[in-house]
Amino acid sequence: MAARAVVPVEPPVEAHVVESLRAEVPPAWRSVLSEALAAHSFARLAAFLAAEDAAGPVFPPRAERFAALAHTPPEQVKVVLLGQDPYPTRGNANGLAFSVHRGVKPPASLKNLFLGLEADLGLKVPAHGDLTAWARQGVLLLNTVLTVREGAPHSHKKRGWEPFTEAVLQAVNDGPAPVVFLCLGVPAKAMVERLVNQPRHAVLTAPHPSPLNGKAFEKAARAERPFTRLNDVLTRAGRGAVDFSL
């Protein structure tokens, strides 16, 4: 008789490690994400992040991991702009998708995003890349993965963040007011279309403004005007347009 395969058993995650990560989630979001915060995937994520923090730099800094949720409480969300993972370069990621702190040179993808806004809305490219003003107007600047190891893009992919992010999107989907989801790139589009109730919520798409795709994003912004359409939807819903100038 063939020997039975031995299935490795994951060691239990220490409760204080999980509770520490839960405590970082802003209180307003904790109440609508209770199932996600109690899930095994979140416990595994907590253990993984604790090990990564001990091994070397992880971005954004711990205090800013949930900045997107802190700046935009669930009841204020009217737009979701979904990115991928944070900038892996030291000093860049600040917890808001695509954003950097004032004084930090905007990375290529953020520059391309600004060029798209210029092509669509005629906005002058700003002198800084801090998108906090958008977040305070109800734009949830969310990445599908909220952390990254220094110098290693996508290093925290499929480590537990995706179930959490999906729970955030589901909470927005289940909220009382219509929301516009702006999906930049195929992965964001696939995730949103799988989770979001259309046509109750509007889903707009455009190419990702990555360094290799910047021209395509700018061309699409000029031809399809996603930011203009986004504000048209918000205005018709009585939710007020977003001022994308900085």
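We number each residue from 1, following the sequence as shown. Note that these values count all heavy atoms, side chains included, but never hydrogens, waters or copies made by symmetry.
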Item to complete: Using modelled atom types only, decide if a donor and an acceptor are shared between the side chain of T72 and the backbone of A135 within a distance under 3.5 Å.
Response: yes
Worksheet item: Knowing that exactly one of T147, D85, T144, N143 qualifies, which makes a side-chain hydrogen bond (donor to acceptor under 3.5 Å, both in side chains) with W161?
Response: T147
Fill in: Euclidean distance, R136 CZ relative to D243 CG, rounded to 0.5 Å
14.0 Å
Discussion item. Taking P209's backbone N and O only, do any of them form a donor-acceptor pair with N112's side chain (distance below 3.5 Å, no angle check)?
Written reply: yes
Worksheet entry | Separation between CZ of R22 and CZ of R30, rounded to the nearest 0.5 Å | 10.5 Å
Worksheet item: Do R194 and E166 have side chains that get closer than 4.5 Å, going by heavy atoms?
Response: yes
Practice prompt. Please lay out, stage by stage, how V125 and E118 fare under the test side chain to side chain contact (heavy atoms under 4.5 Å, CB included).
Written response: CA-CA 7 Å; V125 174; E118 184 178 45; 4.0 Å; yes
Item to complete: Examine distances only and state if a side-chain atom of H201 and a backbone atom of V196 form a donor-acceptor pair shorter than 3.5 Å.
Response: no
Worksheet item: What's the shortest heavy-atom distance between R239 and P178, and which atoms?
Response: NH1-O, 2.9 Å
Discussion item. Within the 4.5 Å heavy-atom criterion, are W29 and P74 side-chain neighbours or not?
Written reply: yes
Worksheet entry | Shortest non-hydrogen contact from V242 toward K78 | CG2-CE, 4.0 Å
Worksheet item: Do L234 and V79 have side-chain heavy atoms sitting under 4.5 Å apart?
Response: yes
Worksheet item: Can you list the steps and then say if D130 with S99 is a side chain to side chain contact (heavy atoms under 4.5 Å, CB included)?
Response: CA-CA 5 Å; D130 184 357; S99 178; 3.8 Å; yes
Discussion item. Under the criterion salt bridge (charged side-chain N to carboxylate O under 4.0 Å, His left out), I'd like the reasoning laid out for E52 against R159: C-alpha separation, chi angles, the key distance, then a yes or no.
Written reply: CA-CA 11 Å; E52 287 287 278; R159 291 291 191 165; over 6 Å; no
Discussion item. Checking H128 against F114 for the ring pair (Phe, Tyr, Trp, His ring centres under 6.0 Å) test, could you report, in this order, the C-alpha distance in whole Å, the side-chain angles of both residues, the deciding distance, and whether it holds?
Written reply: CA-CA 10 Å; H128 67 87; F114 288 150; 7.8 Å; no
Discussion item. If you define the side chain from C-beta out and look only at heavy atoms, does anything of V100 sit under 4.5 Å from P107?
Written reply: yes
Worksheet item: Can you tell me how far CD of Q170 sits from OG1 of T165, rounded to the nearest 0.5 angstrom?
Response: 13.0 Å
Discussion item. Check whether N92 reaches the backbone of Y87 with its side chain - one donor and one acceptor, N or O, closer than 3.5 Å.
Written reply: no
Worksheet item: Hey, which of F164, F48, F59 is the one that makes ring pair (Phe, Tyr, Trp, His ring centres under 6.0 Å) with H156?
Response: F48
Worksheet item: Within a strict 4.5 Å, meaning less than it, do heavy atoms of the S20 and V17 side chains meet?
Response: no
Discussion item. Which label fits W134 and F244: parallel for a plane angle under 30°, tilted from 30 to 60°, or perpendicular past 60°?
Written reply: perpendicular
Item to complete: Take Q137 and H71 through the test side chain to side chain contact (heavy atoms under 4.5 Å, CB included) and record every step on the way to the result.
Response: CA-CA 9 Å; Q137 293 179 73; H71 283 298; over 6 Å; no
Worksheet entry | Pairwise side-chain contact, L140 with V168, heavy-atom cut-off 4.5 Å (strictly under) | yes
Worksheet item: Is any side-chain heavy atom of E64 less than 4.5 Å from a side-chain heavy atom of H101?
Response: yes
Worksheet item: What do the steps show when you test E150 against R90 for salt bridge (charged side-chain N to carboxylate O under 4.0 Å, His left out), and what is the final call?
Response: CA-CA 7 Å; E150 182 177 19; R90 184 182 294 270; 3.2 Å; yes
Discussion item. Would you call the rings of F227 and F217 parallel, tilted or perpendicular, taking 30° and 60° as the class edges?
Written reply: perpendicular
Discussion item. Evaluate V80 against V77 for side chain to side chain contact (heavy atoms under 4.5 Å, CB included), listing each step before the verdict.
Written reply: CA-CA 7 Å; V80 176; V77 177; 3.9 Å; yes
Fill in: Spacing of T205 atom OG1 and E224 atom CD [to the nearest 0.5 Å]
6.5 Å
Worksheet item: Stepwise, does the salt bridge (charged side-chain N to carboxylate O under 4.0 Å, His left out) test hold for K219 with D120?
Response: CA-CA 9 Å; K219 182 179 179 181; D120 180 348; over 6 Å; no
Worksheet item: With side chains defined as the heavy atoms from C-beta onward, is the minimum distance between M191 and L169 less than 4.5 Å?
Response: yes
Worksheet entry | Common cluster, V172/L96, ILVMFWY with side-chain heavy-atom separation under 4.5 Å | no
Item to complete: Run the salt-bridge test on K158 and E162 with the 4.0 Å N-O cut-off and return the result as yes or no.
Response: no
Worksheet item: If you round to the nearest 0.5 Å, how far is CG of L81 from CG of L131?
Response: 8.5 Å
